[in-house]
Amino acid sequence: MNKLFYQPVNLRKVILATVLIFLGLFGLLYGPTYLGIFSVALTSYLAFILVFGVPLTNHLFSKPIRPIKISLIYFPLNWVVSLAAGFILTYLLGWQLQGNLVTDHPSLLLIFTLPIMLLGEELFSLFFLSIFSSRFSLTVSSILSAIIFGLIHFSTYYNGNSFETLVHICLIQGSARLIFNQAAIKSNSLWTSWMVHVLFDFSSIVISILPQLFN
């Protein structure tokens, strides 16, 4: 996967690919459910092919290096960072954070659809990471992709206060994206960041429904 970094890119293709990706995002947010499940994954994958071509795009799915070890590092790290950020915003600042209604009240169908949608989020984010790396260092590129990743969650976590929501998504979702990016970079494969992402979201769902099971 790391062969995608620091590649020269054509600006016109990048613009077209970005428009394509955001059409997929529009399909997720406003289209029918059956379309939204696949739209971001499909358009992000096509965006990679448009900018980098098929051979380089295939490196996204390289056999990961030490995927279990890396997942065991970054999965709990993401929980620690998320809990710490949530504690600061909720208990120290007294903000009322909006949860994710989809994962807080999951349906059985989510077991099958969530991994596909998270694959879309990984392709979406790693596309911008790869694009930015053509102009900036990998650290700066990861931060920029994390900001974009956070911003696309604005409507999901909007609590009625734009400033609080921006801080929330940049701090919690943005930090999570930095961790997912690092998992992908360290393992040289999208599959590891996807696995960490899936583990985190499913564990969040389990924690959210446990109180309901005992009531």
Side-chain angles (χ1 to χ4, degrees), residues 21-47 60-61 64 67-68 70-72 74-83 85-86 89-90 96-127 145-146 148-160 165 168-181 183-184 189-215:
I21 285 179
F22 278 93
L23 285 175
L25 185 63
F26 183 86
L28 170 64
L29 295 174
Y30 304 108
T33 302
Y34 66 86
L35 175 64
I37 293 169
F38 303 98
S39 61
V40 176
L42 178 60
T43 56
S44 298
Y45 179 68
L46 292 175
L60 281 167
F61 309 101
I68 304 301
I70 291 171
S71 297
L72 289 175
Y74 290 104
F75 169 59
L77 176 62
N78 195 32
W79 264 113
V80 170
V81 172
S82 295
L83 289 173
L89 297 179
T90 302
Q96 297 294 321
L97 303 184
Q98 173 66 45
N100 189 325
L101 296 178
V102 174
T103 55
D104 287 349
H105 302 88
S107 65
L108 186 61
L109 185 63
L110 199 63
I111 297 174
F112 305 100
T113 60
L114 186 61
I116 299 171
M117 295 169 72
L118 294 184
L119 178 62
E121 290 192 2
E122 290 306 305
L123 286 165
F124 175 95
S125 301
L126 294 177
F127 172 79
S145 73
I148 293 175
F149 180 76
L151 290 175
I152 66 171
H153 288 84
F154 184 89
S155 61
T156 301
Y157 294 99
Y158 181 63
N159 70 343
T165 303
H168 171 184
I169 59 179
C170 287
L171 188 58
I172 297 181
Q173 279 66 44
S175 296
R177 186 66 256 164
L178 290 174
I179 292 169
F180 298 149
N181 285 351
S189 178
L190 170 149
W191 291 124
T192 308
S193 60
W194 174 77
M195 181 164 60
V196 174
H197 202 161
V198 168
L199 286 172
F200 180 77
D201 277 32
F202 271 117
S203 61
S204 300
I205 292 171
V206 170
I207 290 172
S208 71
I209 65 174
L210 277 178
Q212 303 172 31
L213 297 177
F214 292 100
N215 286 336

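Bear in mind the structure is a predicted one, so any value in this text is a computation, not a measurement.
Here the CZ atom belonging to Phe124 is positioned 6.5 Å from the CD1 atom belonging to Ile21, to the nearest 0.5 angstrom. Distance check: Ile68 CD1 to Phe75 CZ gives 12.5 Å after rounding to the nearest 0.5 Å. The line from CG of Leu118 to CG of Leu123 is 11.0 Å long, rounded to the nearest 0.5 Å. Between the CZ atom of Phe127 and the CD1 atom of Ile148 there is a distance of 9.5 Å, given to the nearest 0.5 Å. Taken to the nearest 0.5 Å, the OG atom of Ser39 stands 12.5 Å off from the OH atom of Tyr30. Note that CG of Leu42 is 11.5 Å distant from CG of Leu23, once rounded to the nearest 0.5 Å.
Closest approach of Gly150 to Gln173, counting heavy atoms only: CA-CB, 4.1 Å. Minimum heavy-atom separation, Gly120 to Ser44: O-OG, 4.0 Å. Considering every non-hydrogen atom in both Val40 and Glu121, the closest pair reads CG1-N, 4.4 Å. In terms of heavy-atom proximity, Phe202 sits nearest to Leu110 at CZ-O, 4.1 Å. Between Ser155 and Leu29, the closest heavy-atom pair is OG-CD2, 4.2 Å. Residues Met195 and Ser71 come closest through the heavy atom pair CE-OG, 2.9 Å.
Sparse packing is recorded around CZ of Phe26, with 12 or fewer heavy atoms of other residues, nucleotides or ligands lying under 6.0 Å away.
Counting heavy atoms from C-beta on, the side chains of Leu97 and Tyr157 never come closer than 4.5 Å. Within the 4.5 Å cutoff, the side chain of Leu28 has heavy atoms near those of the Met117 side chain. Within the 4.5 Å cutoff, the side chain of Val81 has no heavy atoms near those of the Leu178 side chain. The shortest distance between side-chain heavy atoms of Val198 and Leu119 does not fall below 4.5 Å. No side-chain heavy atom of Thr33 sits under 4.5 Å from any side-chain heavy atom of Thr113.
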Quick one: do Tyr158 and Phe154 satisfy ring-ring contact (aromatic ring centres under 6.0 Å, His included)? Show the steps, please.
CA-CA 6 Å; Tyr158 181 63; Phe154 184 89; 5.4 Å; yes
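Between the side chain of Ser193 and the backbone N or O of Ala183 there is no donor-acceptor pair closer than 3.5 Å. In terms of modelled atom types and a separation under 3.5 Å, the side chain of Ser82 and the main chain of Trp79 share no donor-acceptor contact.
By the 30° and 60° cut-offs, the orientation of the rings of Phe180 relative to His197 is parallel. Ring geometry, Trp194 versus Trp191: the interplanar angle exceeds 60°, so the pair is classed perpendicular (tilted spans 30 to 60°).
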